[in-house]
Each structure stands twice: as C-alpha cells, then as structure tokens.
Colleague: 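Encoded as structure tokens, here's the structure I'll be asking about.
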Amino acid sequence: ISQKMAAQNEKVLAEFSAKHKGKVEFFPFDMMSPEDCSSLLRGTQALIHAASVSRKLKESSVISVIYPEVEGAINLLKAAEAEGVTRVIFVGSLSSIAAGKYRKVFNETHFADPDDCDAFEKAKLFVEKTAWNFVERPQSSPRINLTVFCPGQLVGPLLKDNDTSGSIIFFKKLAEEKLERLLDVWVPVVDARDVAGAIVSSLANIETFNQRFIICEGVYPLEKLYDLAQADRAVQGKPNPKPPKTSSLFLKFLSIFDSDLRKMMQFYGKSYKFSDEKIKRHLKFKYRNVEESFAEMVYSFEHLSSDLKKNE
C-alpha cells in the first residue's frame with residue numbers, strides 16, 4: 001500500500017487488519033523506490049498490482065500521471081524478477097482495449113491507440129504494455145507468469161469514505177448531484193468483488209498464466225445507471241428529476257473544437273459489448289447482479305462516512 005494511502009486511511013486499515021488478524025498485513029512503501037519494491041517482495045510468492053494514479057489530480061500531464069505509473073510498474077517487475085517471484089497479476093482497464101475506436105464487440109486481442117487516450121488511459125495502457133514486454137523478453141531467471149485483468153467501471157460497497165478512484169468519482173456524481181443533462185453513452189460495469197474473486201481464482205490456475213482477460217458484467221446505458229444510482233433517493237421520496245439527454249447535434253458542433261469530444265462521439269448513442277467468453281471459460285464464475293451492487297454502493301455513499309464518525 002502506498003505511503004500516502006496509508007497515512008490517509010490509518011484508522012480504516014487498523015480496523016481491517018484487526019478484523020482479519022493473521023491474514024492481512026499492510027506495509028507502506030514507495031513504488032518509485034527500487035529498494036522498497038525489493039524489500040516488499042522478498043520472500044513472497046506472488047505480486048498483485050492494482051495501484052493507479054487518482055483521477056482527482058489537478059494536473060494530468062505525462063510527468064504527473066504516466067511517468068509514476070510506468071516507472072512504478074517497472075520497479076515492481078524488476079524486483080519480482082530479482083526476488084524470484086514468478087506469479088504476477090496486473091489489474092488494468094477496459095480503456096486499454098476500447099478507448100477511442102468504436103466496435104460493436106471488443107475482445108482481448110484489441111488494444112487502444114495511445115493517440116485516442118487521455119493521460120490516465122495512456123498510463124493504464126503503457127503499464128500493461130510495459131508488463132507484457134518485460135515478461136516476454138529473453139531472460140535468464142525463471143519466467144514470470146503474468147495475467148492481466150481489464151475490468152469495467154467498478155461498483156459495489158466501499159471500504160472507506162475517501163475513495164478517489166475514477167469509478168467512484170463518476171458514480172458518486174450520478175447518485176448525489178443534480179445533473180442538468182445526461183449523455184447518451186453506454187458504460188461497462190463490474191462488481192469489485194468479482195474482480196477480487198477472479199484474481200484469487202487465477203493465482204494458481206495455469207490456464208490463466210500469460211493471458212489477458214476482460215472482466216465486465218455488462219454494458220449499460222448511462223440513463224439506466226442513473227436510475228439505479230437514484231433509486232434510494234426515490235424510495236426516500238426525494239428523487240432528483242431525471243435530466244434530459246444531450247443532443248448529439250450540439251455535441252457534434254462542439255467536437256469541432258475539442259479532440260476528446262470527437263473521440264467520444266464515435267460511441268455516442270451506440271450500444272456495444274465486451275466479450276467475456278474467455279474469462280467464463282477459464283475461471284467459471286458468475287457475476288453479481290448489477291442492481292444489487294449499485295444498491296450496496298449507494299448505501300456506502302450515504303452511510304459509510306457517518307458510520308465511521310460514530311465509531312471514532
């Protein structure tokens with residue numbers, strides 16, 4: 001766990017460690033330090049890397065976003081190789097598969113074009129490609145068996161009230177803010193616990209070694225996800241009015257002046273899907289129901305912060 005995250009979540013981590021005593025330990029370290037990475041991995045059997053730069057960063061330049069992600073990944077891979085860790089799992093992103101170019105169906109053979117990615121998407125893409133290049137190069141030490149999972153936007157209950165992941169920032173806005181307009185876009189989602197389950201199931205499963213997997217329960221219209229995010233407010237009798245969809249003609253006009261918007265317009269108003277045949281074939285698990293996952297996530301938004309304060 002990063003030093004910054006450890007400092008920000010000291011109480012939550014202490015409670016989690018106490019609850020799972022003897023099973024979970026947290027070690028604050030600096031991923032940018034090769035020495036820290038080696039010390040962390042010494043004597044371990046597997047590395048699971050899911051760290052990511054927060055989308056709350058005000059600065060989204062190459063230096064602030066891409067460099068620390070790629071350099072940190074390289075440090076971990078070098079340390080794993082040096083310490084004899086032969087099992088490595090990276091958690092990537094579906095943006096590394098689908099960013100910028102529309103297809104009706106995406107699968108694991110597809111890679112995004114960096115020119116179609118924002119800084120955060122580029123970071124995820126470059127980290128994954130760096131990992132594949134590292135493990136596939138000629139080497140004298142035992143081969144690292146790499147697995148990469150590319151999940152959709154994560155839903156489900158939260159462990160802490162200050163989560164700054166891109167998925168949580170996005171869905172929290174849907175649940176709590178009064179929006180003026182909705183975009184006519186489709187969003188891939190998966191419960192975070194399904195991702196965790198896939199990681200655990202793959203650790204010793206040789207069928208998953210040196211494989212890339214899409215993990216996505218489904219792709220839903222943003223309008224449906226908004227309804228799910230607002231369901232609890234509706235039950236309480238204080239729903240926000242559903243905002244209208246933004247006109248595609250208006251967005252097309254704006255896209256003349258905005259390259260990022262031009263990329264989004266390839267997907268605007270179009271359904272698509274991610275093939276998950278591969279992960280179902282190799283890991284044989286069922287996804288959680290997305291409506292239940294949303295309900296648990298929204299409950300976390302509303303109650304986690306106050307519950308933590310009561311326990312102080």
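Every heavy atom of this structure was used, including side-chain atoms; hydrogens, water molecules and symmetry mates were not.
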Colleague: Quick check for you: to the nearest 0.5 Å, what is the distance between Gln230 atom CD and Leu179 atom CG?
Modeller: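 The CG atom of Leu179 is 7.5 Å from CD of Gln230, to the nearest 0.5 Å.
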Colleague: Below 4.5 Å, heavy atoms only, C-beta onward: do Val185 and Tyr268 meet side chain to side chain?
Modeller: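 Contact flag for Val185/Tyr268 side chains = yes.
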Colleague: Do the two ring centres, one from Phe301 and one from Phe171, sit under 6.0 Å apart?
Modeller: no
Colleague: Measuring from atom OG of Ser95 to atom NZ of Lys122, what distance do you get when rounded to the nearest 0.5 angstrom?
Modeller: 12.5 Å
Colleague: Verify the neighbour count for atom CD of Gln45: are there more than 12 heavy atoms of other residues, nucleotides or ligands below 6.0 Å?
Modeller: no
Colleague: Does Leu154 share a hydrophobic cluster with Phe274, counting links as ILVMFWY side-chain heavy atoms below 4.5 Å and allowing steps through other members?
Modeller: no
Colleague: Under the salt bridge (Lys or Arg N to Asp or Glu O under 4.0 Å) rule, what do Glu121 and Lys263 come out as? Steps first, then yes or no, please.
Modeller: CA-CA 13 Å; Glu121 292 166 342; Lys263 295 166 191 172; over 6 Å; no
Colleague: Between Arg288 and Asp194, does at least one N-O distance fall below 4.0 Å, as a salt bridge requires?
Modeller: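 Yes.
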Colleague: Which atoms form the tightest heavy-atom contact between Asn75 and Ser33, and what is the distance?
Modeller: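 For Asn75 and Ser33, the tightest heavy-atom pair comes out as ND2-N, 4.1 Å.
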Colleague: Is the shortest side-chain heavy-atom distance between Pro157 and Tyr299 below 4.5 Å?
Modeller: no
Colleague: Could you check whether atom NZ of Lys278 has more than 12 heavy atoms from other residues, nucleotides or ligands sitting under 6.0 Å from it?
Modeller: yes
Colleague: Any idea which heavy atoms bring Val195 and Pro151 closest together, and the distance?
Modeller: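 Distance-wise, the nearest heavy atoms are CG2-CB, 3.9 Å.
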Colleague: I want to check something: taking the side chain as every heavy atom from C-beta on, are Arg212 and Phe111 in contact at a cut-off of under 4.5 Å?
Modeller: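 Touching, per the 4.5 Å side-chain cut-off.
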Colleague: Which value, rounded to the nearest 0.5 Å, describes the distance between Gln266 atom CD and Leu261 atom CG?
Modeller: 11.5 Å
Colleague: Using a strict 4.0 Å threshold on nitrogen-to-oxygen distance, state whether Lys284 and Glu207 make a salt bridge.
Modeller: no
Colleague: Keeping the roles fixed (side chain from Ser255, backbone from Lys252), state whether a donor-acceptor pair exists under 3.5 Å.
Modeller: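 Side chain of Ser255 to backbone of Lys252, a donor-acceptor pair under 3.5 Å: yes, one is there.
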Colleague: Is the side chain of Arg87 donor-acceptor paired with the backbone N or O of Asn145 at a distance under 3.5 Å, no angle test?
Modeller: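 Side chain of Arg87 to backbone of Asn145, a donor-acceptor pair under 3.5 Å: yes, one is there.
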Colleague: How many angstroms lie between CD in Glu128 and OG in Ser93, if you round to the nearest 0.5 Å?
Modeller: 9.5 Å
Colleague: Answer with yes or no whether the hydrophobic clustering places Val187 together with Met297; edges join I, L, V, M, F, W, Y residues whose side-chain heavy atoms lie under 4.5 Å apart.
Modeller: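 Hydrophobic grouping puts Val187 with Met297.
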Colleague: So for atom NZ, which belongs to Lys270, do other residues, nucleotides or ligands contribute more than 12 heavy atoms lying within a distance under 6.0 Å?
Modeller: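 Yes.
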Colleague: So Ile169 and Lys172, side chain to side chain contact (heavy atoms under 4.5 Å, CB included) or not? Walk me through it.
Modeller: CA-CA 5 Å; Ile169 293 170; Lys172 201 166 187 179; over 6 Å; no
Colleague: Check the pair Leu183, Leu251 against side chain to side chain contact (heavy atoms under 4.5 Å, CB included), reporting the backbone distance first and the verdict last.
Modeller: CA-CA 10 Å; Leu183 295 175; Leu251 291 174; 4.0 Å; yes
Colleague: If you measure from OG1 on Thr86 to CZ on Arg143, what distance do you get to the nearest 0.5 Å?
Modeller: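 It is 11.0 Å, given to the nearest 0.5 Å.
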Colleague: To the nearest 0.5 Å, how far apart are CG in Leu76 and CZ in Phe29?
Modeller: 5.0 Å
Colleague: Let me check something: do Val219 and Ile215 share a hydrophobic cluster, defined by ILVMFWY side-chain heavy atoms less than 4.5 Å apart, either directly or through other members?
Modeller: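 Val219 and Ile215: separate clusters.
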Colleague: Once you measure the plane-to-plane angle for Phe267 and Tyr102, does it fall in the parallel (<30°), tilted (30-60°) or perpendicular (>60°) bin?
Modeller: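 Because their plane-to-plane angle is over 60°, the rings of Phe267 and Tyr102 count as perpendicular.
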Colleague: Looking at Leu158 and Ser300, what are the two nearest heavy atoms and their distance?
Modeller: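 Residues Leu158 and Ser300, closest heavy atoms: N-OG, 3.1 Å.
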Colleague: Output yes when Glu223 and Lys242 qualify as a salt bridge under the 4.0 Å nitrogen-oxygen rule, no when they do not.
Modeller: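 Counted as a salt bridge, because a side-chain N and a carboxylate O are separated by less than 4.0 Å.
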Colleague: Is the backbone of Asp36 close enough, under 3.5 Å, to the side chain of Asp30 for a donor and an acceptor to pair up by distance?
Modeller: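 Looks like no, no N/O pair under 3.5 Å.
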Colleague: If we only count heavy atoms from C-beta on, is the Phe134 to Leu146 side-chain gap below 4.5 Å?
Modeller: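 They are not in contact (no side-chain heavy atoms under 4.5 Å apart), so the answer is no.
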Colleague: Which atoms form the tightest heavy-atom contact between Phe26 and Pro28, and what is the distance?
Modeller: O-CD, 3.8 Å
Colleague: Do Phe149 and Ser202 have side-chain heavy atoms sitting under 4.5 Å apart?
Modeller: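 The answer is yes, as the side chains (C-beta and beyond) meet within the 4.5 Å cut-off.
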Colleague: Which pair of non-hydrogen atoms, one from Ile214 and one from Ile279, has the smallest distance, and what is that distance?
Modeller: O-CG2, 3.5 Å
Colleague: Can you name the closest pair of heavy atoms from Trp132 and Asn210 and give their distance?
Modeller: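 Looking at all heavy atoms of both residues, the closest pair is CH2-C, 3.8 Å.
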Colleague: Using the rule that Ile, Leu, Val, Met, Phe, Trp and Tyr join whenever any side-chain heavy atoms are under 4.5 Å apart, tell me whether Met31 and Ile66 fall into a single cluster.
Modeller: yes
Colleague: Side chain to side chain contact (heavy atoms under 4.5 Å, CB included) for Cys216 and Asp276? Distances and angles first, verdict last.
Modeller: CA-CA 7 Å; Cys216 176; Asp276 60 356; 5.8 Å; no
Colleague: Determine whether Glu217 and Val155 satisfy the following criterion, side chain to side chain contact (heavy atoms under 4.5 Å, CB included), listing intermediate values before the conclusion.
Modeller: CA-CA 10 Å; Glu217 189 275 342; Val155 297; over 6 Å; no
Colleague: Would Leu222 end up clustered with Val290 when hydrophobic side chains under 4.5 Å apart are linked, directly or stepwise?
Modeller: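 Shared cluster, yes.
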Colleague: Mark yes or no for whether Ser293, through its side chain, and Asp191, through its backbone, hold a donor-acceptor pair below 3.5 Å.
Modeller: no
Colleague: Looking at Phe250, I'd like to know if the NZ or CZ of Arg181 sits under 6.0 Å from its six-membered ring centre while staying within 45 degrees of the ring's axis.
Modeller: no
Colleague: Please tell me if the side chains of Thr44 and Glu83 come closer than 4.5 Å, counting only heavy atoms from C-beta onward.
Modeller: no
Colleague: With a sphere of 6.0 Å drawn around CD1 of Ile256, does it hold more than 12 non-hydrogen atoms of other residues, nucleotides or ligands?
Modeller: yes
Colleague: How about Leu182 and Pro243: do any of their side-chain heavy atoms sit closer than 4.5 Å?
Modeller: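 Counting from C-beta outward, Leu182 and Pro243 do come under 4.5 Å.
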Colleague: How about Ser39 and Glu35: do any of their side-chain heavy atoms sit closer than 4.5 Å?
Modeller: no
Colleague: So does Met32 get a backbone contact from the side chain of Glu71, meaning a donor-acceptor N/O pair under 3.5 Å?
Modeller: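 Such a contact is absent between Glu71 side chain and Met32 backbone.
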